[in-house]
S.K.: 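Below is the structure I would like to discuss, written out as structure tokens.
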Amino acid sequence: MNIKMPKWFYQLASPKWSYDIMGMLMPWFGLAALLLLVTGIVWGLMFAPPDYQQGNSYRIIYIHVPSAILAQSCFMLMAVAGIIGMVWKMKVAHIVAKSAAPIGASMTIIALSTGAIWGKPTWGAWWVWDARLTSMLILLFLYLGIIALYSAFSNKASGDQAASILTLVGVVNIPIIKYSVEWWNTLHQPASFTLTKKPAMPPEMWVPLLIMVLGYYCFFAYVLMARTRIELLEREHKSGWVTALLTDTP
Amino acid sequence: MNFLNAAIKRELLLALRNRSEIINPLAFFLLVITLFPLAVSPEAKVLANIAPGIIWVAALLATLLSMDSLFKNDYDDGSLEQIVVSPQSLALLALGKVISHWLSTGFLLALLSPVLAVMLFLPSEAMPALVGSLLIGTPTLSLIGAIGAALTVGLRKGGVLISLLVLPLYIPVLIFGAATVQAGALNLPISGHLALLGAMMVFTLLLAPFAIAAALKLSIRN
Amino acid sequence: MNFLNAAIKRELLLALRNRSEIINPLAFFLLVITLFPLAVSPEAKVLANIAPGIIWVAALLATLLSMDSLFKNDYDDGSLEQIVVSPQSLALLALGKVISHWLSTGFLLALLSPVLAVMLFLPSEAMPALVGSLLIGTPTLSLIGAIGAALTVGLRKGGVLISLLVLPLYIPVLIFGAATVQAGALNLPISGHLALLGAMMVFTLLLAPFAIAAALKLSIRN
Amino acid sequence: MLTVTNLTSERDDRILFANLNFSLHAGDLLQIEGQNGSGKTTLLRILCGLSSHFSGKIYWQNQDVSQQLPNFLQALLYVGHHAGIKAALTAEENLRWMQRLHPLLNRCTITEALNQVGLYGYEDVPCYALSAGQQRRVSLARLYLSSHPLWILDEPFTAIDKKGVLEKEALIVKHVQQGGMCILTTHHDFDLPKQTIRRINLDQLAHTITSVDTTPSYLVSV
Amino acid sequence: MLTVTNLTSERDDRILFANLNFSLHAGDLLQIEGQNGSGKTTLLRILCGLSSHFSGKIYWQNQDVSQQLPNFLQALLYVGHHAGIKAALTAEENLRWMQRLHPLLNRCTITEALNQVGLYGYEDVPCYALSAGQQRRVSLARLYLSSHPLWILDEPFTAIDKKGVLEKEALIVKHVQQGGMCILTTHHDFDLPKQTIRRINLDQLAHTITSVDTTPSYLVSV
Ligand code: HEM
Ligand SMILES: Nc1ncnc2c1ncn2[C@@H]1O[C@H](COP(=O)(O)OP(=O)(O)OP(=O)(O)O)[C@@H](O)[C@H]1O
Ligand SMILES: Nc1ncnc2c1ncn2[C@@H]1O[C@H](COP(=O)(O)OP(=O)(O)OP(=O)(O)O)[C@@H](O)[C@H]1O
Ligand SMILES: [Mg+2]
Ligand SMILES: [Mg+2]
């Protein structure tokens with residue numbers, strides 16, 4: 001496949017160029033993440049009004065929802081990076097996907113555990129087999145499989161491609177999972193607890209939530225770039241630019 | 001097509017040569033299903049209720065476990081290498097292997113399932129749904145499982161890693177498969193469910209062989 | 001004893017070297033258990049009812065499947081031969097292998113089981129019975145499974161044949177194991193059950209190593 | 001015609017060979033020499049497309065191999081460390097499958113080839129019941145069947161007895177004299193006049209590289 | 001002292017050798033010769049107690065071996081077709097385990113032995129990352145470590161390069177000169193004066209039998 005792409009796209013393929021660009025962008029994202037997260041947390045935990053039903057326990061939403069959103073976005077990102085890596089043979093794309101996987105898995109774990117903690121007071125159970133929860137759990141398994149596959153190959157290039165194949169198969173499957181799980185649930189049993197009905201939140205509640213989500217994205221970008229840069233150095237440690245980099249800074 | 005034919009024939013010959021390969025998934029299926037009355041409860045009402053789920057889980061596990069050796073032997077003895085350095089299409093060969101694998105697992109499981117269903121007191125109205133869902137659903141399991149097998153074949157003791165990779169992808173098939181049988185037991189229409197399972201099968205049938213071939217090449221070149 | 005120690009250490013080292021060997025039975029256990037709510041029903045009442053049986057069946061299958069490779073690798077690469085031609089006791093070595101196998105499967109399964117029990121809505125009163133029965137019951141499973149593994153190790157693609165040999169012998173453990181948990185869930189005394197499981201463990205612990213050693217010699221000399 | 005330019009391979013930060021350049025024409029016999037672990041097998045696997053641990057270019061008929069893989073594979077016969085035969089099948093069944101894979105295995109009938117390698121009377125014995133050397137002979141029967149222009153052979157004489165080695169040497173010489181090409185590794189002495197056989201010694205290559213870092217172009221005399 | 005009387009072995013109704021008689025004293029080097037499939041490996045495995053396909057008697061120090069197996073195994077070092085090393089462990093870890101198995105592997109330290117076989121610098125590499133010959137070298141490092149009186153070696157030089165073969169030949173000669181015993185098979189030429197090495201040719205034995213025996217036996221094609 002030879003699809004013409006703009007110049008910057010091919011520049012991305014150069015490890016050195018990517019390394020430098022990410023080095024430039026990182027501080028900005030770090031700063032934004034810090035500002036947004038601090039604002040969001042302080043606002044959400046201290047100033048947002050308590051929920052009329054759940055009291056203060058609802059405040060875990062400020063962690064729970066952003067991590068749940070990010071857990072899913074991260075998988076999409078990995079799939080896109082996987083396609084780019086496979087089609088245009090772009091090493092950097094694979095490295096980005098690989099660096100993203102553990103972050104996505106952590107986000108999924110955070111979403112699951114905050115959800116479980118929240119579930120106990122609101123539902124009286126740590127876990128219910130609700131559609132959304134179940135598909136999240138499956139997402140976690142997919143992440144773990146992908147991470148295991150990356151580490152199982154001795155040739156890093158092979159590991160990249162293997163994991164990309166699995167990611168692509170997985171991403172095709174995610175809508176199917178979501179759909180089937182939802183259908184399965186409503187078919188047999190009227191869900192005792194629905195997450196789909198949005199609590200009618202006043203703006204004082206959802207604005208900090210939005211800030212938290214944005215903060216999470218910035219934080220994600222920051223960590224992703226940091227991890228990618230480390231992985232780039234590790235893989236390219238033989239090449240000229242890394243040697244130059246290491247000798248330049250005593 | 002000629003080559004696909006030859007590949008299927010060869011696999012079936014190999015399966016016949018050590019007949020245990022054919023009997024084993026069936027035996028496993030049978031044994032797992034007999035464990036449940038022992039472990040859960042021998043009551044007919046309880047069993048009939050959970051029977052669709054149990055039979056489908058057992059079929060899924062039987063497929064999954066036989067998957068592990070699908071490419072392993074060919075990898076270990078160098079046959080896979082020989083196929084990669086031959087001018088024949090790896091995707092076609094993979095498809096042949098999957099087809100003959102399905103013939104000796106999923107297909108036979110589906111034929112055997114009514115017997116087990118009777119043991120679990122599944123109402124007889126559900127039998128067409130059971131056999132139908134297994135016949136249409138298990139090819140998808142074999143195809144997806146083969147992707148996992150191909151990805152892990154080169155790894156020293158990839159072992160049960162394949163389960164981790166493949167089980168999440170099996171879940172939609174499991175859900176719809178079990179739901180079909182449950183609907184059948186309640187005398188509800190099942191054609192919608194079967195059509196969905198069929199669509200999944202066609203979809204994986206078109207894409208999986210290429211994914212398998214790519215994964216095999218990767219594993220060999222690692 | 002010294003040699004037993006060395007054997008256990010070697011096995012654990014090998015398990016650590018490819019960490020997947022440790023994680024895999026656990027992952028399998030986890031995955032199988034999550035399949036049931038999907039296939040059977042997500043309702044708490046139904047699940048709580050069948051949870052003891054399901055967890056025990058899953059633990060049994062996880063043990064059984066990891067069993068297959070217990071001696072296979074040693075057989076294929078000639079290590080087993082070397083042990084047979086050495087002056088060391090094969091029974092002691094076999095015991096060492098089983099112990100380290102149990103540490104990396106049954107033991108970890110028991111520790112993990114409460115988490116899964118919560119997901120299946122098992123009442124919290126049943127937790128001690130669950131962990132206790134798994135801790136006392138799984139060694140028996142490992143020991144019996146090792147006999148099956150030793151008998152089938154030399155057969156080309158003995159594969160799932162081992163299931164056929166071993167599962168019938170697993171049934172008493174399964175019945176008492178699941179019954180223990182069910183009793184625990186109903187707040188009934190469980191010490192009688194545990195004592196029975198303990199007696200089975202001691203009995204197999206005394207006899208199995210010799211059976212395993214004899215079976216291994218047979219397999220090698222065939 | 002096979003041409004290799006600037007071929008470099010490293011495993012785990014050890015450079016095996018760097019900037020290897022050679023080309024092979026009709027009638028050339030090339031022996032890759034080197035001590036154990038010098039990278040002979042790695043080199044052959046790279047040439048066959050079975051390893052991705054390399055940088056550099058490989059040309060077949062003056063075109064990049066990766067651009068015309070089917071053409072190249074059509075012309076190639078590879079005999080690797082692993083025999084690539086199925087233990088459960090007989091010698092004849094194995095070779096019949098090889099013929100399906102490689103249309104150019106058509107020089108003589110399978111029975112003739114088996115007679116040539118001294119397996120007359122063993123056609124119907126499953127390969128697991130053959131000795132180490134006999135199994136290797138089954139694999140080498142392909143040489144008698146082959147009309148491929150390019151042979152790549154990795155330690156073809158392993159486990160073969162003396163008389164067998166002489167016969168196979170003669171066969172290889174005949175192949176190149178008739179305009180074929182052959183690359184092989186062997187630790188056996190190959191007693192042939194200088195002009196008939198060319199040698200590349202990987203030990204020397206490794207030596208020159210390890211001292212220089214800027215990767216000089218190392219040209220093997222052709 | 002090892003004595004063998006009337007040893008006969010047959011596989012699948014083919015007599016490999018019949019009424020074989022020999023004895024081995026301190027300082028004896030015995031080479032088993034014969035073409036591929038003549039029964040060399042089978043003979044060695046019988047001597048080590050790794051095969052039960054035989055009739056006849058084997059004595060060690062004038063006592064039936066089966067009566068005093070531990071004594072015999074104490075004195076025996078066997079290197080078989082399979083290397084008997086674990087791919088996941090390093091060379092050093094493998095040899096340390098061998099030492100646990102055989103108390104007599106105590107002649108020098110492991111590091112010294114590894115240096116002797118040319119694996120200096122590879123101590124910490126897991127064996128799967130070694131080449132075919134290097135893996136074989138790890139296995140042969142036992143010869144340097146061994147103070148066993150009896151060595152039984154099956155094709156010890158497989159995959160070893162020329163320099164390595166010469167070194168190991170010298171080691172074997174030294175072993176018998178110091179009063180050890182050695183039985184080996186090899187297709188390599190062993191260039192030694194007649195009085196140093198004794199040879200048994202199984203091809204000739206097969207010939208003599210086929211005429212005497214009443215079982216419809218099979219003449220191995222020459
Ligand atoms: C382990 C248990 C749980 C998991 C895995 C989970 C997962 C998720 C996921 C995947 C989302 C969707 C994020 C998005 O894409 O918009 C979400 C949103 C949400 N969750 Fe949870 N959740 C869990 C428990 C809970 C509990 C106990 C509550 C409170 C009763 C809760 C309340 C919410 C709310 C209010 C939202 C935002 C709804 C929306 O914007 O659509 N979750 N959760
Ligand atoms: N598992 C088996 N089942 C049946 N027959 C076997 C088996 N293994 C070997 N044989 C037969 O025994 C004979 C001797 O085999 P063996 O391995 O001892 O030969 P060998 O002399 O070591 O040959 P090589 O030089 O090839 O190593 C062969 O003809 C073979 O067909
Ligand atoms: N899977 C692997 N991972 C890492 N390194 C490897 C792997 N396989 C081989 N190597 C290394 O590559 C080097 C060359 O191996 P190769 O098998 O090509 O050697 P060879 O020349 O064929 O040796 P031999 O004569 O022993 O067959 C060895 O030093 C080995 O350590
Ligand atoms: Mg080699
Ligand atoms: Mg032999």
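Just so we're on the same page: letters track the sequence lines, and every chain starts at 1. Note that this is a predicted model, so its numbers are computed, not measured.
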S.K.: Just to be sure I understand the criterion: a residue of residues 160-167 of chain E counts if one of its heavy atoms is under 4.5 Å from a heavy atom of chain D. Which ones qualify?
M.R.: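 Residues in range: Ile160(E), Asp161(E), Lys162(E).
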S.K.: Relative to chain D, which segment of Glu155(E) carries a heavy atom at a distance below 4.5 Å: side chain, backbone, both, or neither?
M.R.: neither
S.K.: Can you tell me how far OH of Tyr122(E) sits from CG of Asn36(D), rounded to the nearest 0.5 angstrom?
M.R.: 10.0 Å
S.K.: Could you tell me which portion of Ala159(E) (side chain, backbone, both or neither) has an atom closer than 4.5 angstrom to a non-hydrogen atom of chain D?
M.R.: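 When you check distances to chain D, only backbone atoms of Ala159(E) fall under 4.5 Å.
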S.K.: Might you point out which heavy atoms bring Ser131(D) and Gly37(E) nearest each other, and give the distance in Å?
M.R.: OG-N, 3.1 Å
S.K.: Between Arg14(E) and Val125(D), does a side chain to side chain contact (heavy atoms under 4.5 Å, CB included) hold up when you go through it step by step?
M.R.: CA-CA 12 Å; Arg14(E) 273 177 232 238; Val125(D) 179; 3.1 Å; yes
S.K.: Any chance you could measure Leu130(E), atom CG, to Arg11(D), atom CZ, to the nearest 0.5 Å?
M.R.: 11.0 Å
S.K.: What part of Thr41(E) lies closer than 4.5 angstrom to a heavy atom of chain D: side chain, backbone, both or neither?
M.R.: neither
S.K.: Against chain E, work out which of Arg137(D), His187(D), His188(D) has the most heavy-atom pairs shorter than 4.5 Å and name it.
M.R.: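 Looking at each of Arg137(D), His187(D), His188(D) in turn, His187(D) comes out on top.
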